[in-house]
Structures are given as C-alpha cells and as structure tokens.
Amino acid sequence: MDSMFKRAVRDSFAKLSPRCQLANPVMFMVYLSALLVTVLLVLSWFGIAEAPSGYIAAICVVLWATVLFGNFAEALAEGRGKAQADALRSAKRDVEAMVVGEEALAAAREEADPARAVEILRAAGRSLSSAKLSCGQLYLVCAGQQVPADGEIQLGAASVDESAITGESAPVVRESGGDRSALTGGTLVLSDWLVARVSAEAGHSFLDQMISMVESAARKKTPNERALELLLIALTLVFLAVVWTLYGFGAFSATSQGKANPLGITSLVALFVCLAPTTIGALLSAIGIAGMSRLNQANVLAKSGRAVEAAGDVDVLLLDKTGTITLGNRQAAAFIPVDGVSERELADAAQLASLADETPEGRSVVVLAKERFGIRERALSGNGFTVVPFTAATRMSGVDFDGHVIRKGAVDAVRAYVEGCGGSFSPQCVQMANQVASEGGTPLAVARDGKVLGVIQLKDVIKSGIRENFADLRAMGIKTVMVTGDNPLTAAEAGLDDFIAEATPEAKLEAIRRYQAEGHLVAMTGDGTNDAPALAQADVAVAMNSGTQAAKEAGNMVDLDSSPTKLIEIVRIGKQMLMTRGSLTTFSIANDLAKYFAVIPALLVPLYPGLEVLNVMHLASPASAMLAAVVYNALIIVALIPLALRGVKYREGGPNRLLARNLALYGLGGVAVPFVAIKGLDLLLAAAGVA
C-alpha cells in the first residue's frame with residue numbers, strides 16, 4: 001500500500017503535462033487557471049500586480065494543489081490496476097513450445113496407449129518460441145510445462161494450475177471435446193499431457209487482454225461517463241459566463257462609484273474554479289477506474305467499461321439452475337416404501353446399494369439413512385460383498401452379499417431387471433415414482449432379491465440464502481429468470497419470478513430478444529459453445545473461464561472463478577459504481593450552488609452594501625472569503641477520494657428510494673458542508689492575518 005501511495009504521488013506530477021490534462025476538460029480549465037495565476041504571480045514580482053503578491057501566491061498554490069489532488073485521485077485508482085497488471089505480467093513469459101503437425105495429431109488419435117501417443121507427437125514435433133506461435137498451429141504441452149499460448153484442446157486431458165490467472169490454488173481439469181476445452185497461456189500443466197490449437201495471435205492472448213483491461217490507461221470512457229462529462233463541461237461554461245458577467249458588473253460599478261474594483265483577475269479566476277464542478281470532475285475518472293478495479297478484485301475480467309456500467313442498469317437476470325440456484329447435484333430427500341415394506345428396511349437396502357457409489361447422489365443416500373435411522377456404513381470387504389458398479393448400459397448399481405442381490409437405479413432399469421428375474425413390478429412403485437417426478441424430483445427404485453422395496457426421492461437442494469438474494473434483487477426492480485432443462489418447480493421454491501424450461505440455445509436467444517424488445521437490459525451466464533449465441537445477444541454476458549473459447553469470445557465479461565453465482569455480485573458492483581457516481585455528482589453540484597451563495601455576496605459587498613443582508617456567514621473580507629472557498633474546494637477533493645475508490649455503501653432498494661436517499665444525504669450534505677467549512681477556514685485565515 002505504501003509503494004502504491006508513493007507511485008500515485010509520483011504519477012500525480014507526471015500527469016501535469018497538457019496532454020494528460022486535456023483528457024479531463026473540467027480539470028483542464030483548472031489547469032489553465034493555475035497557469036494564468038502563476039503568470040500573474042510572476043508579474044507581481046516585477047511590480048505589475050492587480051492584487052497583493054501574498055494573496056496571488058496563496059491562490060496560485062491552492063489552484064496547483066487542486067490540479068494535483070485531481071491527478072492523485074486518478075493515479076491512486078490506477079495504482080490498483082497497475083499492481084494487478086504487474087502480477088499478471090510475471091505470469092507471461094516467453095517459453096519454448098513443442099509444435100506438432102496435423103499428421104502427428106491424427107496418428108496420436110489412433111494410438112490407444114497414451115505413452116506411445118506422446119512419443120509419436122514428440123518425435124514429430126519441433127521447438128519454437130511461444131512469441132512466434134501463430135493462430136491455428138498445434139502444440140504439445142506435458143506435465144510440468146507452462147502453456148505457451150491460448151488454445152483449444154484437440155487431444156488429451158490434464159490437470160492444470162490456473163492460480164497465476166485466477167488466484168485459485170485448486171487445479172482444474174481441462175480436456176478435449178467438452179465445455180472445458182479452452183486452455184489459457186501462462187497456466188501450468190500439472191499432470192498428463194494435452195495437444196491444443198493456438199486460438200490467439202501473440203500479443204492478443206487472454207492474458208494480454210487481462211493486462212490491458214486492468215491497466216486504467218487502456219480503459220475507455222463509457223457512454224454514461226461521456227454524457228456526464230458533457231454536462232460538466234456545460235456547467236463549467238455557464239459558470240465561466242457568470243464570472244465574466246460579474247467582472248463586467250464589478251468594473252462598471254467601480255468606475256461609476258469611483259472605487260477600486262474588488263473583483264480582480266486573481267479573485268475571478270479563483271471564483272471560477274470554485275464554482276465549476278471540479279469535485280466530480282476530479283473524481284469522475286477515479287470512480288470508473290475503481291469500479292473496474294472492484295470487478296477485477298472479484299476475479300471478473302470486463303472486456304469494456306460499457307459492460308460494467310450496463311450491469312448497473314440490468315433489470316432481468318437469466319440464471320442457470322445447476323450450480324447457481326441449486327447445489328451442483330441432486331440429493332436424497334426421502335425414502336418412500338411400497339407394498340408394506342418399512343421405511344427402515346428400504347433405507348438399509350438403499351444404503352447397502354450406495355456404499356460403493358462415490359457420486360454426490362450416492363453419498364447423500366448413505367448420509368440420509370444414517371440421519372434418519374442411525375444406520376452406520378458397513379465395510380465392503382470380508383463379508384462376502386460383491387460390488388456392482390453403475391454403468392451407462394445398465395443404469396443401475398448395487399451389491400451382492402450372503403446370497404442377497406440389491407439393485408438401485410432408474411425406475412425403468414430396475415423394472416426391466418425385476419421382470420427379467422421373473423418377478424412383477426409393483427404398481428404402487430410406479431405411482432410413487434410418477435408422483436416424485438411430477439413434483440420435480442428424480443425417483444430411484446430399490447429392489448432386493450427380485451422384489452421392489454420402494455423409491456428414493458432425489459431433489460434439487462436450493463442453496464442457502466439464495467431466496468433472500470432474489471428477494472433483494474426483486475426489491476431493486478430486477479426480475480430473476482431460471483434457465484433449466486428439466487424441473488421448473490425449483491423456480492417457485494427458490495423464489496424466482498420466471499423460468500425458461502427446455503432451455504435450448506434457440507429458447508435462450510429468443511427469451512433474451514423478447515425481454516430486450518420490451519425495453520429490458522438482460523444479463524446471463526454461460527460456458528458452452530451452445531451458450532455463445534445468447535451470450536452475444538445479452539447486454540451483460542458473463543462467460544465462465546472454464547468454458548469454451550467460443551463462449552469467452554461471445555461474452556463481454558469472463559469470470560475467472562467460473563462461478564455462476566458471480567452474476568449477482570457483478571450486478572451489485574455495477575450498481576454500486578452508478579450509485580457512487582450519482583451520489584458524488586449530486587454532492588458536487590450542491591457544493592457549487594452553496595459556494596455561489598456563500599462567496600459572491602461577500603465579494604460584492606464593497607460595491608453593493610445592500611448585499612450585506614445576503615452575507616449570512618459574515619465572512620471577514622472579500623479576500624479571506626475567496627481564499628477560504630478555494631482552499632475548501634481543494635480539500636474536499638482529497639476528503640472524497642476514499643469514498644470514490646471504495647464506493648458508496650451498497651443498499652438494495654428501488655430507484656425512487658435510492659434517489660430520495662441520495663438527495664437527502666448527498667444533496668443536503670453538499671449544501672451544508674461548504675457553509676460550515678468555508679466559515680471555519682475564514683475564521684482561521686482572519687485570525688492568522690493571511691487575508
């Protein structure tokens with residue numbers, strides 16, 4: 001943090017170049033004002049002065065401090081991105097890649113022995129620097145080697161350490177032919193081997209995109225930022241016209257009354273800087289950069305600031321059921337016996353059939369039997385046990401022991417098994433299975449020695465706290481829509497507003513287009529190639545880093561943690577950024593109005609004594625009033641930097657409620673704070689005899 005602070009201080013002075021200042025029109029006007037007062041100060045040293053040299057020097061110092069404070073706010077926000085970019089660059093280095101040809105790949109595909117396949121690839125390969133790899137080339141990467149470039153896996157499966165990119169220490173499995181076939185350059189293969197096809201030219205890899213995005217220098221202003229910037233420029237021009245008009249009034253009145261004009265050029269320049277929206281002008285860029293930084297800290301790469309801003313305006317969320325709303329796998333919820341069998345007898349048989357089943361569903365059956373009836377796990381060795389593993393062909397698993405045969409599996413598979421043994425399938429079991437299915441669950445039948453004992457009910461388990469999350473989103477005016485390929489009943493159980501059943505790629509795309517045609521902004525997540533069309537259509541499209549290259553290219557954000565629930569956090573970060581910008585804009589404009597009514601009466605009292613009635617703060621003199629105002633104008637930027645970087649506290653609520661709160665807190669606060677602060681500074685300056 002200390003090095004980041006020092007870097008920001010150094011960058012604040014580096015940003016004093018006119019080229020850097022031009023990027024912020026409001027602060028550029030402050031920059032020109034500081035230059036003008038500097039010229040007036042130099043002239044005062046040669047006896048050409050329209051105000052005391054000490055007063056000009058004080059105004060000059062404060063104006064340059066205002067420019068530096070604005071630079072510091074932006075540099076401090078940029079510092080976070082630069083620190084993260086430096087860490088990412090350390091993961092990006094030139095390595096030797098083993099390039100292979102199409103013939104070698106085809107030969108390796110035909111080889112059944114993995115070790116022999118690797119030998120074929122190595123024999124046909126040639127070494128090439130990763131910096132020289134081009135799109136479409138094939139490379140081999142083995143255990144212990146760094147992935148030389150982004151690629152789409154063509155052959156093999158391996159455990160890959162992606163901690164340099166995601167920060168997550170747990171390795172992930174990457175393999176060909178699925179939704180986890182994207183390989184990121186700079187990651188490390190921990191086991192086995194892979195053949196991948198380069199998917200990005202050198203300098204345009206995923207890691208390069210991350211570095212350029214987290215560095216604020218590559219950040220483009222969003223449409224809302226540009227619109228606000230135009231408003232600030234308009235306000236600046238209005239106050240420039242006000243100050244020019246005041247100068248004309250002052251000159252005319254002073255000449256007609258035979259008095260000296262109290263509105264000298266120095267005072268008018270300082271007044272212009274005070275009245276212009278310098279507070280939000282100085283912090284606007286920092287707010288946007290900090291918003292992107294908060295998203296980066298959440299391990300989400302936004303390809304554009306527009307996507308972050310759109311996340312704050314989203315009012316429809318499309319959420320995958322599995323992994324987002326429910327736990328990744330269904331869990332055993334009930335034992336339903338049939339034909340006079342006791343529930344304990346069914347639970348005992350179901351647990352025996354599941355002891356060798358290491359799937360989450362199988363383990364949940366063992367746990368449920370233990371919780372309901374205290375049935376302990378039994379050893380599978382030494383008691384005549386023969387485990388029958390689950391296969392896709394039989395769709396059953398089970399165990400044979402002491403002459404007993406227990407099977408557990410899909411209802412139709414168990415039915416075929418029972419009838420094949422010469423038994424008859426229970427009509428009550430069919431009825432119970434249909435009932436479980438109609439309620440959105442998955443029925444598993446259990447049979448022992450050719451007789452059906454009953455049904456195990458598997459059901460989706462709603463994640464803890466997810467209903468409350470959706471209630472908060474609803475309070476914010478956001479509609480939640482579950483995307484499911486099977487059970488729409490989960491939507492009601494989780495408290496969602498709607499669902500898309502049989503979620504084919506066409507159904508998702510059509511739903512997004514329908515919502516957008518109704519005027520909604522839509523966000524969704526996806527990881528597969530079949531999600532790419534819908535991701536490309538959505539306003540905020542979050543692709544999983546574990547997903548395919550097509551999904552990542554279609555999305556405008558990439559979640560490095562590959563967590564579908566991250567979409568909710570992204571929306572909150574986007575809304576927090578918009579709330580921060582709106583709050584500080586409200587405060588800044590209220591500040592300007594307050595300074596106008598606080599300072600101008602004090603400046604014009606010498607020419608128009610009748611204005612004394614408006615000088616409610618009874619400031620000591622025009623000079624002390626002006627200096628107090630310009631000092632406050634500089635200090636308030638520093639005071640608001642932490643808020644701009646941290647963001648205002650996020651609160652769920654509708655737009656009207658949030659608007660009323662912001663007007664009350666930042667609007668009224670923006671009016672009250674300048675009166676108190678300027679009066680306090682005026683007393684200090686008067687006591688010190690500065691002005």
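Heads up: numbering here begins at 1 and tracks the sequence. All values below were derived from every heavy atom in this structure, side-chain atoms included, with hydrogens, water molecules and symmetry-related copies excluded.
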For [X] versus [Y], what's the shortest heavy-atom pair and its separation?
X: C135; Y: A200; answer: SG-N, 3.9 Å
X: T586; Y: G582; answer: OG1-O, 2.8 Å
X: A149; Y: L133; answer: CB-CD1, 3.8 Å
X: A75; Y: A8; answer: CB-O, 3.6 Å
X: G667; Y: A590; answer: O-CB, 3.3 Å
X: A644; Y: A290; answer: O-CB, 3.7 Å

With heavy-atom distances below 4.5 Å as the criterion, would you say the side chains of [X] and [Y] are in contact?
X: R7; Y: D11; result: yes
X: T585; Y: I589; result: yes
X: K508; Y: Q537; result: no
X: P25; Y: L232; result: no
X: E518; Y: R514; result: yes
X: V542; Y: M524; result: no
X: V571; Y: I478; result: yes
X: I636; Y: Y632; result: yes

Do the side chain of [X] and the main chain of [Y] share a donor and acceptor less than 3.5 angstrom apart?
X: R294; Y: R646; result: yes
X: N556; Y: A541; result: yes
X: D150; Y: G185; result: yes
X: T580; Y: V648; result: yes
X: K595; Y: C274; result: yes
X: S588; Y: L584; result: no
X: Q21; Y: K15; result: yes
X: D315; Y: L521; result: yes

inquiry  = Using the rule side chain to side chain contact (heavy atoms under 4.5 Å, CB included), only one of T187, T184, L183 pairs with R174; which is it?
reply    = L183

With distance as the sole criterion, is a donor-acceptor pair present between the side chains of [X] and [Y] under 3.5 Å?
X: S181; Y: E152; answer: yes
X: N633; Y: T278; answer: yes
X: N24; Y: Y31; answer: no

task = Might you work through the side-chain contact (heavy atoms from CB on, under 4.5 Å) test for I512 and L318, ending with a clear yes or no?
result = CA-CA 9 Å; I512 293 173; L318 265 61; 3.7 Å; yes

Which distance, rounded to the nearest 0.5 Å, do you find between the [atom1] of [X] and the [atom2] of [Y]?
X: L317; Y: I570; atom1: CG; atom2: CD1; answer: 10.0 Å
X: T279; Y: I637; atom1: OG1; atom2: CD1; answer: 5.5 Å
X: N71; Y: M27; atom1: CG; atom2: CE; answer: 7.0 Å
X: L640; Y: I287; atom1: CG; atom2: CD1; answer: 9.0 Å
X: L578; Y: I573; atom1: CG; atom2: CD1; answer: 12.5 Å
X: L275; Y: Y596; atom1: CG; atom2: OH; answer: 7.5 Å

key: Worked check of side-chain contact (heavy atoms from CB on, under 4.5 Å) between V308 and M577   = CA-CA 8 Å; V308 187; M577 188 180 78; 4.1 Å; yes

task = May I ask you to decide if the ring planes of Y666 and F587 are parallel, tilted or perpendicular, using 30° and 60° as cut-offs?
result = perpendicular

inquiry  = Apply side-chain contact (heavy atoms from CB on, under 4.5 Å) to residues T236 and F272 and explain how you reach the verdict.
reply    = CA-CA 8 Å; T236 301; F272 165 69; 3.5 Å; yes

task = Would you please test E74 and S285 for side-chain hydrogen bond (donor to acceptor under 3.5 Å, both in side chains) and show each step?
result = CA-CA 6 Å; E74 185 175 11; S285 181; 3.1 Å; yes

ask   = Can you list the steps and then say if L76 with L645 is a side-chain contact (heavy atoms from CB on, under 4.5 Å)?
value = CA-CA 8 Å; L76 198 59; L645 298 182; 3.5 Å; yes

key: Residues E309 and R581 bridged, charged N to O under 4.0 Å   = yes

